[in-house]
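Every number for a ligand or one of its atoms is a count from 1 in the order of the listing. Note that these values count all heavy atoms, side chains included, but never hydrogens, waters or copies made by symmetry.
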Amino acid sequence: MALIAPSLLSANFLKLEEDCTMLNRSEADWFHLDVMDGIFVPNISFGIPVIAAIRKATSKVCDVHLMIQDPGKYAEAFKAAGADVLTVHLEACTHLHRNIQQIKSLGMLAGVAVNPHTPVSLLADILPDLDLVCIMSVNPGFGGQKFIPHTLTKIKELRRMINEKGLQAKIEIDGGVTLENAQSIIEAGADVLVAGNTVFGAADPADTIAKLKRI
Ligand code: DX5
Ligand code: ZN
């Protein structure tokens with residue numbers, strides 16, 4: 001059974017507490033929190049004070065996805081805000097190994113995200129150090145985009161790499177996940193499904209989470 005991580009990028013920011021309560025009562029496993037800086041990605045979302053507020057509204061895992069340049073500068077602040085999982089982009093880190101060690105030394109689980117054009121083979125040397133790999137199935141920056149089909153091949157390849165070496169890293173898929181494609185994503189080897197528009201755009205978000213959970 002996959003973990004379900006609704007992305008609050010698609011939540012109603014005027015009623016964030018209500019959406020947090022809905023997620024707390026739902027079968028959602030993680031809160032996926034997307035941070036964008038307008039430099040690494042062509043959009044700006046929310047940051048540290050919003051995450052600190054959400055932290056107070058849930059005891060579920062806060063899975064923070066940093067789509068920012070120079071994430072090492074802010075790792076401590078995200079820890080203080082309440083992040084449990086901190087994911088940085090491979091494309092944003094010249095010294096990725098240092099960033100990962102920093103995240104772990106702060107007591108968080110460490111993730112690396114890869115853009116659609118980045119081969120998962122580039123993760124071979126860092127994989128033993130990771131708790132999570134986030135495979136982007138859209139170009140990061142916006143919710144509600146279409147799933148890029150080639151992602152399925154990347155999931156299968158990464159699953160093989162993890163299994164062959166007996167590693168623990170979870171595979172998370174982020175972008176364009178729907179009730180229709182979730183099964184093929186899980187069959188390819190994903191452990192965590194992020195879903196923004198599919199959950200928050202639904203008439204009954206909690207029921208949609210339950211349906212994703214049952215796939
Ligand atoms: C995109 C973000 C995603 C986004 C997913 O840059 O990283 O987490 O919120 O949204 P959907 O599920 O709507 O594609
Ligand atoms: Zn994300």
Trainee: Under 4.0 Å from a heavy atom of Met67: which atoms of ligand 1 are those, numbered in the order shown and with their elements?
Mentor: 6 (O), 7 (O)
Trainee: Test Val114 against Leu122 for side chain to side chain contact (heavy atoms under 4.5 Å, CB included), laying out the working first.
Mentor: CA-CA 9 Å; Val114 287; Leu122 289 182; over 6 Å; no
Trainee: What's the verdict on side chain to side chain contact (heavy atoms under 4.5 Å, CB included) for Tyr74 and Val35, showing C-alpha distance, side-chain angles and the deciding distance?
Mentor: CA-CA 11 Å; Tyr74 305 98; Val35 178; over 6 Å; no
Trainee: What residue and heavy atom of the protein are closest to atom 14 (O) of ligand 1, and at what distance?
Mentor: Gly176 N, 2.8 Å
Trainee: Consider ligand 1: state whether an atom of it lies below 4.0 angstrom from any non-hydrogen atom of Phe142.
Mentor: yes
Trainee: Which heavy-atom pair separates Ala57 from Cys20 by the least distance, and what is that distance?
Mentor: CB-CB, 3.9 Å
Trainee: Check Asn197 against ligand 1 and report side chain, backbone, both or neither, counting heavy atoms closer than 4.0 Å.
Mentor: both
Trainee: Kindly say whether Val85 contributes a backbone atom to a donor-acceptor pair with the side chain of Asp131 at under 3.5 angstrom?
Mentor: no
Trainee: With rounding to the nearest 0.5 angstrom, report the CG to CD1 distance, Leu33 to Ile48.
Mentor: 12.5 Å
Trainee: Of all the atoms in ligand 1, which lie at a distance below 4.0 Å from a heavy atom belonging to Leu9?
Mentor: 9 (O)
Trainee: Using the side chain to side chain contact (heavy atoms under 4.5 Å, CB included) rule, take Lys165 and Leu127 through it: C-alpha gap first, then chi angles, then the decisive distance, then the call.
Mentor: CA-CA 9 Å; Lys165 293 188 180 150; Leu127 205 47; 5.6 Å; no
Trainee: For atom 3 (C) of ligand 1, which of Asn43, Asp174, Thr87 has the closest heavy atom?
Mentor: Asp174
Trainee: When you measure from the side chain of Asn115 to the backbone N and O of Thr118, does any donor-acceptor pair fall under 3.5 Å?
Mentor: no
Trainee: Taking distance alone, with N or O pairs closer than 3.5 Å, would you say Asn139 contacts ligand 1?
Mentor: no
Trainee: Who's the nearest protein heavy-atom neighbour of atom 9 (O) of ligand 1, and how far?
Mentor: Ser7 OG, 2.8 Å
Trainee: Using a strict 4.0 Å cut-off to heavy atoms of Pro140, name the atoms of ligand 1 that fall inside it.
Mentor: 6 (O)
Trainee: May I ask you to decide if Leu23's main-chain N or O and Lys60's side chain share a donor-acceptor pair within less than 3.5 Å?
Mentor: yes
Trainee: Would you say Ser45's side chain and Asp34's backbone share a donor-acceptor pair under 3.5 angstrom?
Mentor: yes
Trainee: Can you list the atoms of ligand 1 that are under 4.0 Å from a heavy atom of Gly144?
Mentor: 11 (P), 13 (O), 14 (O)
Trainee: So, using salt bridge (Lys or Arg N to Asp or Glu O under 4.0 Å) as the criterion, who are the partners of Asp70 when residues are at least two apart?
Mentor: none
Trainee: Considering only the protein, which heavy-atom contact is closest to atom 2 (C) of ligand 1, and what is its distance?
Mentor: Asp34 OD1, 3.4 Å
Trainee: Just by modelled atom types, is the Ala2 backbone N or O under 3.5 Å from a matching donor or acceptor in the Lys213 side chain?
Mentor: yes
Trainee: Using a 4.0 Å cut-off to any heavy atom of His65, which atoms of ligand 1 qualify?
Mentor: 7 (O)
Trainee: Under 3.5 Å, side chain of Asp19 to main-chain N/O of Asn12, donor-acceptor pair present?
Mentor: yes
Trainee: How close does the nearest protein non-hydrogen atom get to atom 6 (O) of ligand 1, and which residue and atom is it?
Mentor: Gly141 N, 2.7 Å
Trainee: Does ligand 1 have any atom that is closer than 4.0 Å to a heavy atom of Thr198?
Mentor: no
Trainee: Please list, in number order, the atoms of ligand 1 under 4.0 Å from a heavy atom of Gly175.
Mentor: 14 (O)
Trainee: Do Leu132 and Leu167 land in one hydrophobic cluster if side-chain heavy atoms of ILVMFWY residues count as linked below 4.5 Å?
Mentor: no
Trainee: In terms of atom number and element, which parts of ligand 1 are under 4.0 angstrom from non-hydrogen atoms of Val194?
Mentor: 8 (O)
Trainee: Sub-3.5 Å donor-acceptor pair from the side chain of Asp174 to the main-chain atoms of Met136, do we have one?
Mentor: no
Trainee: Can you list the atoms of ligand 1 that are under 4.0 Å from a heavy atom of Gly143?
Mentor: 10 (O), 13 (O)
Trainee: Which residue and non-hydrogen atom of the protein lie closest to atom 12 (O) of ligand 1, and at what distance in Å?
Mentor: Gly196 N, 2.8 Å
Trainee: Distance below 2.8 Å from the Zn ion (ligand 2): how many protein N/O/S atoms qualify?
Mentor: 4
Trainee: Run the side chain to side chain contact (heavy atoms under 4.5 Å, CB included) check on His65 and Glu172 step by step: do they pass?
Mentor: CA-CA 11 Å; His65 176 193; Glu172 176 177 69; 5.8 Å; no
